[in-house]
Amino acid sequence: MATVYQRCKSDKRNVNFPCDKPRCGHPWTVRYREHGEPTSPERQPSFPKKFQAEAFAAKLDHDKYEGLYLDPKRGEITVRAYAKEWLERQVIGESTYSNYESFTRIHLVPRLGSKTIGGVQEKDIETFVAAVSRKLAASTVCDRMKMVNAMFKTAVKEKRRADNPAENVKLPRTSAHAVDEDEIPTLHEVDLIAKQISPQYRLTVYLQAGAGLRISETLAFATDCRRADFIRVRRQVSSKANRADCRTRFVPLKHRAEGEYRDIPMPAFLDEEIDAHMKEWGATAVGGLEVLFAPRERGKTTMPTASTYAYHFKKELKAAGMVKPDGAPKYTPHGLRHFFASTALAHGTPSTKSPAGSATNRSKPPSTSTATSCPPHGTAAATSCSKPCARDRLGAFCDDGDTACVQR
């Protein structure tokens with residue numbers, strides 16, 4: 001319960017004590033304890049007018065009754081300290097943590113780190129978004145601002161501030177999620193990439209383009225992934241797998257828990273590519289698994305990662321002359337996964353049934369010069385089909401579960 005009084009009439013230490021005037025004009029003080037607890041620190045703010053002090057006291061009592069009271073001290077922690085503490089207690093994936101940590105360290109802390117969590121205003125967030133939008137892609141800004149929004153939402157729940165300053169901030173407009181046809185390599189280019197890349201990693205190209213595996217899933221491919229007529233994907237490499245101090249080099253699949261997996265039908269050509277790889281390179285024991293893509297050269301780190309693989313992938317594309325007008329690599333490794341999904345869509349496989357479809361369910365199918373349907377295998381029409389087909393090359397899924405043909 002807040003108490004409103006004048007120091008000049010009751011506090012002997014006040015310079016105006018004793019004051020006998022009923023309307024002396026001296027300040028009015030509100031005495032209260034934080035949280036209403038007897039052991040909480042006592043506060044005594046002063047106001048020029050009595051009605052101001054009474055209004056403040058009434059608000060304190062109302063907020064305590066409604067559970068809306070905010071401790072001013074709780075909002076005095078800096079954004080730098082709170083962001084670090086908040087991020088450490090989030091249950092998120094390793095790669096997500098790495099992305100958020102680098103964004104916080106490189107962008108958030110330098111611009112807002114010195115401000116208190118309770119002192120950040122909406123205009124500060126707007127200025128911050130405008131600044132990072134000049135350096136990062138719109139999609140990246142929108143994704144990272146989800147973290148900032150969640151952090152301030154937690155601060156509101158913890159009663160460190162009254163509102164979320166990031167909630168209504170306008171973010172940059174992102175492009176549609178449809179994959180640009182120019183970002184999908186043709187079958188000829190897929191073969192060219194496989195020929196250009198280091199021989200040890202030739203199989204990685206076809207695992208991505210012929211089975212729809214992600215980069216990290218491809219690099220974690222082990223002998224136990226290969227089954228009679230399908231591939232069972234159980235794990236992916238950690239983003240820190242190339243570091244000597246990495247304890248867990250293999251982690252669960254994206255959006256899946258430990259022990260979960262997915263099965264992918266394996267076209268005949270991919271089975272042959274795996275045989276050829278095993279004959280030439282064999283497998284290497286890493287973390288209790290016989291993996292196919294551990295570096296063999298002396299001095300190399302234990303396992304490649306998606307980042308290190310992407311660097312060398314783009315380097316090989318430049319060497320092969322597969323570049324854009326500005327000299328940048330024409331494709332990324334993820335383009336191989338797009339190729340797989342687009343080929344599946346071109347042959348009538350719903351995106352929900354394609355292992356890679358969920359990532360590219362709006363991508364354009366390859367042109368007819370790249371992929372052409374053949375009759376389903378096992379039919380009379382297929383028996384007489386004279387097209388060189390991808391029963392031996394990059395196969396996708398048909399509605400009946402068979403492998404579709406792709407004309408080279």
K.L.:
Between Val79 and Leu112, which heavy-atom pair has the shortest distance, and what is it?
P.N.:
CB-O, 3.3 Å
K.L.:
Given the rule in the side-chain contact (heavy atoms from CB on, under 4.5 Å) test, do Lys330 and Glu189 qualify, once you have shown the distances and angles that lead to the verdict?
P.N.:
CA-CA 11 Å; Lys330 192 175 181 181; Glu189 289 174 320; 3.1 Å; yes
K.L.:
Mind running side-chain hydrogen bond (donor to acceptor under 3.5 Å, both in side chains) on Tyr100 and Gln90 for me, showing each step along the way?
P.N.:
CA-CA 11 Å; Tyr100 287 175; Gln90 301 307 301; over 6 Å; no
K.L.:
Report yes if some heavy atom in the side chain of Thr154 is under 4.5 Å from a heavy atom in the side chain of Tyr82; otherwise report no.
P.N.:
yes
K.L.:
Do you know the tightest heavy-atom contact between Leu171 and Cys142?
P.N.:
CB-SG, 4.0 Å
K.L.:
Quick one, Leu292 and Thr223 - any side-chain contact, counting heavy atoms below 4.5 Å?
P.N.:
yes
K.L.:
Answer yes or no: is there a side-chain heavy-atom contact under 4.5 Å between Arg226 and Asp275?
P.N.:
yes
K.L.:
Has Lys314 got more than 12 heavy atoms of other residues, nucleotides or ligands less than 6.0 Å from its NZ?
P.N.:
no
K.L.:
What's the spacing between Ser98 OG and Lys240 NZ if we round to 0.5 Å?
P.N.:
7.0 Å
K.L.:
So, does Arg160 use its side chain to make a donor-acceptor pair with the main chain of Lys157 at under 3.5 Å?
P.N.:
no
K.L.:
For the CZ atom on Phe17, are there more than 12 heavy atoms of other groups (residues, nucleotides or ligands in this structure) within a distance under 6.0 Å?
P.N.:
yes
K.L.:
Hey, are the side chains of Val148 and Arg144 touching, using non-hydrogen atoms and a 4.5 Å cut-off?
P.N.:
no
K.L.:
Which atom pair, heavy atoms only, marks the closest approach of Ile231 to Ala211?
P.N.:
CD1-CB, 4.2 Å
K.L.:
Could you tell me the separation between the CD atom of Gln121 and the CZ atom of Arg161, rounded to the nearest 0.5 Å?
P.N.:
8.5 Å
K.L.:
Contact between Phe152 and Asp163 at the side-chain level, heavy atoms closer than 4.5 Å - yes or no?
P.N.:
no
K.L.:
If I compare all heavy atoms of Gln236 with all of Leu253, which pair ends up nearest, and what's the gap?
P.N.:
NE2-C, 3.8 Å
K.L.:
Glu273 versus Arg202: any side-chain heavy-atom pair under 4.5 Å?
P.N.:
yes
K.L.:
If you take all heavy atoms of Val30 and Val4, which pair is closest and at what distance?
P.N.:
CG2-CG2, 4.3 Å
K.L.:
Under a 3.5 Å distance rule, please check whether Asp11 uses its side chain to pair with a backbone N or O of Arg13 as donor and acceptor.
P.N.:
yes
K.L.:
Grab the two heavy atoms, one from Thr284 and one from Ala294, that are nearest each other, plus how far apart they are.
P.N.:
CB-CB, 3.9 Å
K.L.:
State, yes or no, whether a side-chain contact exists between Glu290 and Asp224 at a heavy-atom distance under 4.5 Å.
P.N.:
no
K.L.:
Can you say whether the rings of Phe103 and His107 are parallel (under 30°), tilted (30 to 60°) or perpendicular (over 60°)?
P.N.:
tilted
K.L.:
Check for me whether the distance between the ring centres of His277 and Phe293 falls short of 6.0 Å.
P.N.:
yes
K.L.:
For a side-chain contact (heavy atoms from CB on, under 4.5 Å) check, start with the C-alpha distance between Arg337 and Ile215, then their side-chain angles and the critical distance, and finish with the verdict.
P.N.:
CA-CA 9 Å; Arg337 182 169 158 85; Ile215 308 173; over 6 Å; no
K.L.:
Stepwise, does the side-chain contact (heavy atoms from CB on, under 4.5 Å) test hold for Leu289 with Arg249?
P.N.:
CA-CA 11 Å; Leu289 298 171; Arg249 302 193 188 279; over 6 Å; no
K.L.:
What distance do Trp281 atom CH2 and Leu203 atom CG have between them, rounded to the nearest 0.5 Å?
P.N.:
12.0 Å
K.L.:
To the closest 0.5 Å, what do you measure between CD (Glu183) and NE2 (His334)?
P.N.:
10.0 Å
K.L.:
OH/Tyr311 to OG1/Thr305 distance, rounded to the nearest 0.5 angstrom?
P.N.:
13.0 Å
K.L.:
Tell me whether the count of non-hydrogen atoms from other residues, nucleotides or ligands lying under 6.0 Å of CZ in Arg89 goes above 12.
P.N.:
yes
K.L.:
Run the side-chain contact (heavy atoms from CB on, under 4.5 Å) test on Cys24 and Gln6 for me, step by step, so that the C-alpha distance in whole Å, both residues' side-chain angles and the decisive distance to 0.1 Å come before the verdict.
P.N.:
CA-CA 10 Å; Cys24 58; Gln6 284 183 300; 3.5 Å; yes
K.L.:
To the nearest 0.5 Å, how far apart are SG in Cys8 and CH2 in Trp28?
P.N.:
8.0 Å
K.L.:
Any side-chain to backbone donor/acceptor pair from Ser102 onto Asn99? Under 3.5 Å, distance only.
P.N.:
yes
K.L.:
Do the side chains of Leu108 and Met147 get nearer than 4.5 Å, heavy atoms only?
P.N.:
yes
K.L.:
Which is it for Glu217 and Lys254 under the salt bridge (charged side-chain N to carboxylate O under 4.0 Å, His left out) test, yes or no, and what are the steps along the way?
P.N.:
CA-CA 9 Å; Glu217 296 169 350; Lys254 185 176 182 180; over 6 Å; no
K.L.:
Any donor-acceptor pair under 3.5 Å linking the side chain of Thr308 with the backbone of Pro304?
P.N.:
no
K.L.:
Test Arg111 against Asp124 for salt bridge (charged side-chain N to carboxylate O under 4.0 Å, His left out), laying out the working first.
P.N.:
CA-CA 9 Å; Arg111 293 186 175 276; Asp124 297 323; over 6 Å; no
K.L.:
Here's one to test your reading of the geometry: is the NZ or CZ of Arg232 within 45 degrees of the ring axis of Tyr261 and under 6.0 Å from its centre?
P.N.:
yes
K.L.:
Does the side-chain hydrogen bond (donor to acceptor under 3.5 Å, both in side chains) test come out yes or no for Tyr201 and Glu316, once each step is laid out?
P.N.:
CA-CA 12 Å; Tyr201 294 102; Glu316 297 298 342; over 6 Å; no
